[in-house]
Amino acid sequence: MSRVLVALALASLLAACSTPATQPPEAAGPTLGKADGADQADQGCVVVLRRARMVTEYLMGAGGPPSDYWELTVDVDAAYTSVREVGVLYRTNLTAGKWYALAPEDHAAAGGFVTYRFELRHFVAAGASTTIDLIPYVRTAGGQRLFDHNRVADLSDAYHLDAENEWTIAADAAVCPDQAASTPHYILSYPADETLEAGPVTGGGHLKVTYDGRRLRETAQCMGAQGSVSATTIRMFYAFDGATDRPSDVTVEEYTVAYGQGCPESPCVTQRITEPLIAVPAGARSLALWFACVPGFSHGAPDNWQYDSNDGRNYVLPVD
């Protein structure tokens, strides 16, 4: 990927970002952003915002209204090795013009990028007057920050979320396309189709897996209920070369249905999907996968789990 770094005039973007002597108590978590003269713009796909969306969260047993937060997905070029820190600067209609820095919740390699996930919960309250300005960045080993201007042409501007765009920035495959998109992709769709794209699976490479939770949710009684909330977690297990007694596992879906108080329309459904990237060991000859529907958010004994395991044979892919 080319990395054309253009000098960034951040004066207007970060003019309100100074570091105070004390941080307000309600800002626990993020810290105030601060501009410096070494900042630059990235227009060469080193760091790029992929998606921003509002998520409504229903807590099991909480008994109160749901809470809203914004989930941000940021990709960083996996070949760019000088990354010391990845973050997002943001301000809202509740920050009095001040910019704050947000740290990622988690990250995972995906093709030619490392994907970072952020949760914006501070200084936001869902409503018609809500406005959010944000801009992702990477801090290099030398201390310089590169700000994402791959979708924002104005070097003194940022991304904006408001009622006009429904507080959403959609993914755009034309922006910073993944040059490593040839990673094999195993898709288990609903009701019962399995497809391997860009195969075969190769030793020393990776496999991306997408699982449609309806395969279990629509066919098995595996929702756990607590009060007016029902939920299930779907986990994927996998093992190489027949060693199914020592599988690895990862959550691929969390699904929640809530009824009653706080729901704009009942039932309220929330869904968090993960598409894991499996590292395939060099020398492996086969990969077996199977899936479990876990009532609620329990990760305990599997006495009442329901399985999608190809009738007990598991889903087995050869590895070249």
Side-chain angles (χ1 to χ4, degrees), residues 1-10 13 39-55 70-83 86-90 102 104-120 131-140 145-187 189 195-199 205-212 252 271-277:
M1 295 183 183
S2 63
R3 300 182 182 89
V4 180
L5 302 178
V6 181
L8 174 59
L10 281 174
L13 175 61
D39 294 334
Q40 289 190 324
D42 167 45
Q43 295 179 316
C45 297
V46 172
V47 55
V48 59
L49 179 70
R50 289 300 187 193
R51 184 178 69 175
R53 60 171 186 154
M54 187 175 71
V55 177
W70 272 260
E71 183 180 66
L72 317 173
T73 303
V74 175
D75 272 1
V76 175
D77 184 0
Y80 191 77
T81 58
S82 185
V83 176
V86 180
V88 173
L89 286 189
Y90 75 96
L102 193 64
E105 298 293 320
D106 50 55
H107 66 278
F113 290 93
V114 179
T115 298
Y116 292 79
R117 189 178 64 85
F118 296 80
E119 293 182 359
L120 174 52
T131 60
I132 303 172
D133 301 328
L134 56 91
I135 187 163
Y137 66 89
V138 297
R139 189 185 300 276
T140 69
R145 287 186 304 183
L146 308 179
F147 282 90
D148 170 21
H149 280 273
N150 292 285
R151 299 175 71 174
V152 179
D154 186 341
L155 300 188
S156 63
D157 202 359
Y159 294 93
H160 305 290
L161 303 177
D162 52 31
E164 185 175 345
N165 59 19
E166 298 182 339
W167 302 279
T168 299
I169 295 174
D172 185 346
V175 176
C176 297
D178 190 349
Q179 303 302 321
S182 58
T183 297
H185 185 188
Y186 190 39
I187 303 169
S189 55
T195 305
L196 177 63
E197 297 181 349
H206 292 83
L207 173 68
K208 180 180 178 181
V209 180
T210 299
Y211 185 83
D212 191 327
V252 294
Q271 181 182 36
R272 173 174 290 176
I273 298 172
T274 302
E275 296 177 307
L277 194 71

Gap between atom [atom2] of [Y] and atom [atom1] of [X] - 0.5 Å precision:
{"X": "Y159", "Y": "H149", "atom1": "OH", "atom2": "NE2", "answer": "8.5 Å"}
{"X": "L49", "Y": "T73", "atom1": "CG", "atom2": "OG1", "answer": "7.5 Å"}
{"X": "E119", "Y": "L72", "atom1": "CD", "atom2": "CG", "answer": "9.5 Å"}
{"X": "I132", "Y": "D162", "atom1": "CD1", "atom2": "CG", "answer": "9.5 Å"}
{"X": "F118", "Y": "D106", "atom1": "CZ", "atom2": "CG", "answer": "10.0 Å"}
{"X": "L134", "Y": "L89", "atom1": "CG", "atom2": "CG", "answer": "9.5 Å"}

With heavy-atom distances below 4.5 Å as the criterion, would you say the side chains of [X] and [Y] are in contact?
{"X": "V48", "Y": "R151", "value": "yes"}
{"X": "C176", "Y": "R50", "value": "yes"}
{"X": "L196", "Y": "P184", "value": "yes"}

[X] to [Y] - nearest heavy-atom pair and separation:
{"X": "R139", "Y": "Y137", "result": "N-CD1, 4.1 Å"}
{"X": "A41", "Y": "L155", "result": "CB-CD2, 3.9 Å"}
{"X": "P177", "Y": "A174", "result": "CD-O, 3.8 Å"}
{"X": "V46", "Y": "Y80", "result": "CG1-CD2, 3.6 Å"}

Are the side chain of [X] and the backbone of [Y] linked by a donor-acceptor contact shorter than 3.5 Å?
{"X": "D42", "Y": "V47", "answer": "yes"}
{"X": "D157", "Y": "V152", "answer": "no"}
{"X": "H185", "Y": "T183", "answer": "no"}

Problem set entry | Electrostatic pair R272-E105, nearest N-O below 4.0 angstrom |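 Answer for the salt bridge query: no.
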Once side-chain hydrogen bond (donor to acceptor under 3.5 Å, both in side chains) is applied, do any residues pair with [X], and if so which ones, sequence neighbours excluded?
{"X": "Q271", "result": "E253"}
{"X": "T115", "result": "D75"}
{"X": "H206", "result": "none"}
{"X": "R53", "result": "E71"}

Exercise. What pairs with E275 under salt bridge (Lys or Arg N to Asp or Glu O under 4.0 Å), at least two apart in sequence or on another chain?
Worked result: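 Only K208 meet the salt bridge (Lys or Arg N to Asp or Glu O under 4.0 Å) criterion with E275.
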For this session: Under the side-chain contact (heavy atoms from CB on, under 4.5 Å) rule, collect the residues that match up with T274, sequence neighbours excluded.
Result: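 side-chain contact (heavy atoms from CB on, under 4.5 Å) check on T274 returns P276.
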Problem set entry | Residues which pass side-chain contact (heavy atoms from CB on, under 4.5 Å) with T195, listed by chain and number, not counting sequence neighbours |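 Testing T195 for side-chain contact (heavy atoms from CB on, under 4.5 Å), a comparison that skips the adjacent residues, returns E197.
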Problem set entry | Option among V86, D148, V74 that satisfies the side-chain contact (heavy atoms from CB on, under 4.5 Å) test with V138 |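 So, applying the side-chain contact (heavy atoms from CB on, under 4.5 Å) to V138 and each of V86, D148, V74, only V86 qualifies.
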Exercise. Looking at residues at least two apart in the chain, or sitting in another chain, which of them share a ring pair (Phe, Tyr, Trp, His ring centres under 6.0 Å) with H107?
Worked result: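 Partners of H107 under the ring pair (Phe, Tyr, Trp, His ring centres under 6.0 Å) test: Y116.
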